[in-house]
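Here the structure is laid out as structure tokens; the discussion comes afterwards.
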Amino acid sequence: MSGSDLLDTESGNAVVVALDHGIGMGAIDGFEDPQATLDAVLAGEPDGVLVGPYFAERFADTFAASSADVLVTADFVSPSSRPGEDVGPWVQQHAFDTDRLLACDPVGVKSVLAFGRQDSQAFERNVDYITDITESLRGTGIPHIVETVMWGNQVPDRFETDAEYVANACRIGWELGADILKAPYTGDRDSFEPIVRNAPVPVMILGGPSSGSVRAMLDDVADAMAAGARGLVMGRSVWQTEDPAAVVAALRRIVRDGESPEAAWTA
């Protein structure tokens, strides 16, 4: 399939499960066994799965036997230089060249645009590789998905979903060439709706750390969809639950079928 097929569903929306965390975080909770986690996610029939290119290669047979499309991540992002720890500062690097990414026949390439850094040179390098990826994908039909996040300590945690910060980050993201934005949900429809409306590219929401409440997450997804989001790219909120397949199925019913969280989730 070509990249334009990512949102070429009957509803025009898509459920993508992110499984690229192992690149920077290691064998984190719920993802110690990559095959088992992948199988659990695919059992829920998501539209796509976001992974690293070598993960896509190692589990090519599993993907081939599923209906899910493959998306690949272009960068290495880690909360620490100590493996599996979150002690900062964040480490980020463009890790995979375009030829390696395109060899996976993906329907999307994702990179992270992280704001709030004290180190201006790290941010400059980030901007450089965002624009490099955009240009390298031009003409391929593969969309560049830019994840706009506030991760640096110059932006306090409480502002990570602040509507003004998110709006500014999204604007910068598509001005740098994003074909699709992967953005934090601001927490309510009224603040998120203008962000989606003002973006000339599709906006999908990210998940972040698992909140521990599937129903609360589904409520947020439903509200984001009502605000005009085109779907989601979520990881830990899905596979750190007791039944990832059921969660994916519920998300699909909300995102693609327009069901309410009450109808989609009966657990």
Side-chain angles (χ1 to χ4, degrees), residues 1-10 13-78 83-84 95-112 137 140-145 147 180 182 204 206-207 210 214 217 221 231-257:
M1 299 176 72
S2 68
S4 60
D5 290 321
L6 173 59
L7 296 173
D8 188 19
T9 61
E10 186 174 344
N13 306 322
V15 172
V16 176
V17 179
L19 281 169
D20 58 340
H21 301 69
I23 295 174
M25 296 182 179
I28 62 175
D29 290 346
F31 201 11
E32 297 90 345
D33 183 337
Q35 181 73 69
T37 303
L38 177 61
D39 288 344
V41 165
L42 292 176
E45 300 184 357
D47 297 294
V49 177
L50 172 66
V51 296
Y54 291 100
F55 189 109
E57 181 180 273
R58 295 287 183 183
F59 298 100
D61 290 346
T62 301
F63 282 113
S66 78
S67 61
D69 291 318
V70 172
L71 299 86
V72 288
T73 191
D75 45 14
F76 169 87
V77 182
S78 176
F96 309 107
D97 66 29
T98 305
D99 288 344
R100 185 68 194 83
L101 299 169
L102 295 183
C104 299
D105 193 24
V107 298
V109 170
K110 186 234 46 169
S111 62
V112 172
L137 292 175
T140 65
I142 309 299
H144 185 193
I145 303 164
E147 179 176 354
I180 296 172
K182 178 186 176 188
M204 304 177 77
L206 56 80
S210 175
V214 172
M217 180 270 289
V221 169
L232 55 91
V233 184
M234 290 185 172
R236 288 167 287 178
S237 296
V238 174
W239 43 260
Q240 284 184 334
T241 63
E242 292 184 2
D243 191 347
V247 174
V248 173
L251 287 168
R252 193 178 67 246
R253 292 170 67 182
I254 293 169
V255 170
R256 295 190 57 168
D257 302 331

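This structure is a prediction, so every number in the text was calculated from the model and none was measured.
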Report task. Please identify each residue that fulfils side chain to side chain donor-acceptor pair (under 3.5 Å) with Gln35, with sequence neighbours left out. Result -> Asp39, Thr62
Query raised in the report: With sequence neighbours left out, what residues match Glu57 under salt bridge (charged side-chain N to carboxylate O under 4.0 Å, His left out)?
Result: Arg100
Query raised in the report: Sub-3.5 Å donor-acceptor pair from the side chain of Thr37 to the main-chain atoms of Gly30, do we have one?
Result: yes
Query raised in the report: So, for Gly44 and Val248, which heavy atoms are closest and what is the spacing to 0.1 Å?
Result: O-CG1, 3.4 Å
Query raised in the report: So which heavy atom on Lys182 is nearest to which on Leu50, and how close?
Result: NZ-CD2, 4.4 Å
Query raised in the report: Closest heavy-atom contact between Gly231 and Val255?
Result: CA-CG1, 3.9 Å
Report summary line: One should read off an interatomic distance between Leu232 CG and Ile254 CD1, to the nearest 0.5 angstrom, of 9.0 Å
**Report entry** Listed partners of Ala245 passing side-chain contact (heavy atoms from CB on, under 4.5 Å), at least two apart
**Finding:** Ala43, Asp243
Query raised in the report: Which atoms form the tightest heavy-atom contact between Pro106 and Leu101, and what is the distance?
Result: CD-O, 3.5 Å
Requested in this report: Please test Met217 against Val247 for side chain to side chain contact (heavy atoms under 4.5 Å, CB included), starting from the C-alpha separation and ending with a verdict.
Outcome: CA-CA 10 Å; Met217 180 270 289; Val247 174; 3.7 Å; yes
Requested in this report: With side chain to side chain contact (heavy atoms under 4.5 Å, CB included) as the test, would you mind laying out the steps for Met204 and Ile145 before giving the verdict?
Outcome: CA-CA 9 Å; Met204 304 177 77; Ile145 303 164; 5.7 Å; no
Query raised in the report: Are the side chains of Glu147 and Val233 in touch, meaning some heavy atoms are under 4.5 Å apart?
Result: no
Query raised in the report: Closest approach of Asp29 and Trp239, non-hydrogen atoms and distance?
Result: O-CZ3, 3.4 Å
Query - Aromatic contact, Phe59 with Phe55 (centres under 6.0 Å) - result: yes
Query raised in the report: Side chains of Ile180 and Leu7: closer than 4.5 Å at any heavy-atom pair?
Result: yes
Query raised in the report: So do the side chains of Phe63 and Leu38 get within less than 4.5 Å of each other, counting heavy atoms only?
Result: yes
Query - salt bridge (Lys or Arg N to Asp or Glu O under 4.0 Å) contacts touching residues 247-257 (sequence neighbours left out) - result: Asp47-Arg256, Arg253-Glu259
Query raised in the report: What pairs with Ala68 under side-chain contact (heavy atoms from CB on, under 4.5 Å), at least two apart in sequence or on another chain?
Result: Leu42, Pro46, Val49, Ser66
I'd like a table of donor-acceptor pairs (distance under 3.5 Å, sequence neighbours excluded) in which one partner is a side-chain atom from residues 15-26, with atom names and distances.
unit_1: Asp20; atom_1: OD2; unit_2: Lys110; atom_2: NZ; d: 3.0

Report task. Working to the nearest 0.5 Å, report the span between CG of Asn13 and CG of Asp8. Result -> 12.0 Å
Requested in this report: Could you tell me which non-hydrogen atom of Val70 sits nearest to which non-hydrogen atom of Ala56, and how far apart they are?
Outcome: CG1-CB, 4.1 Å
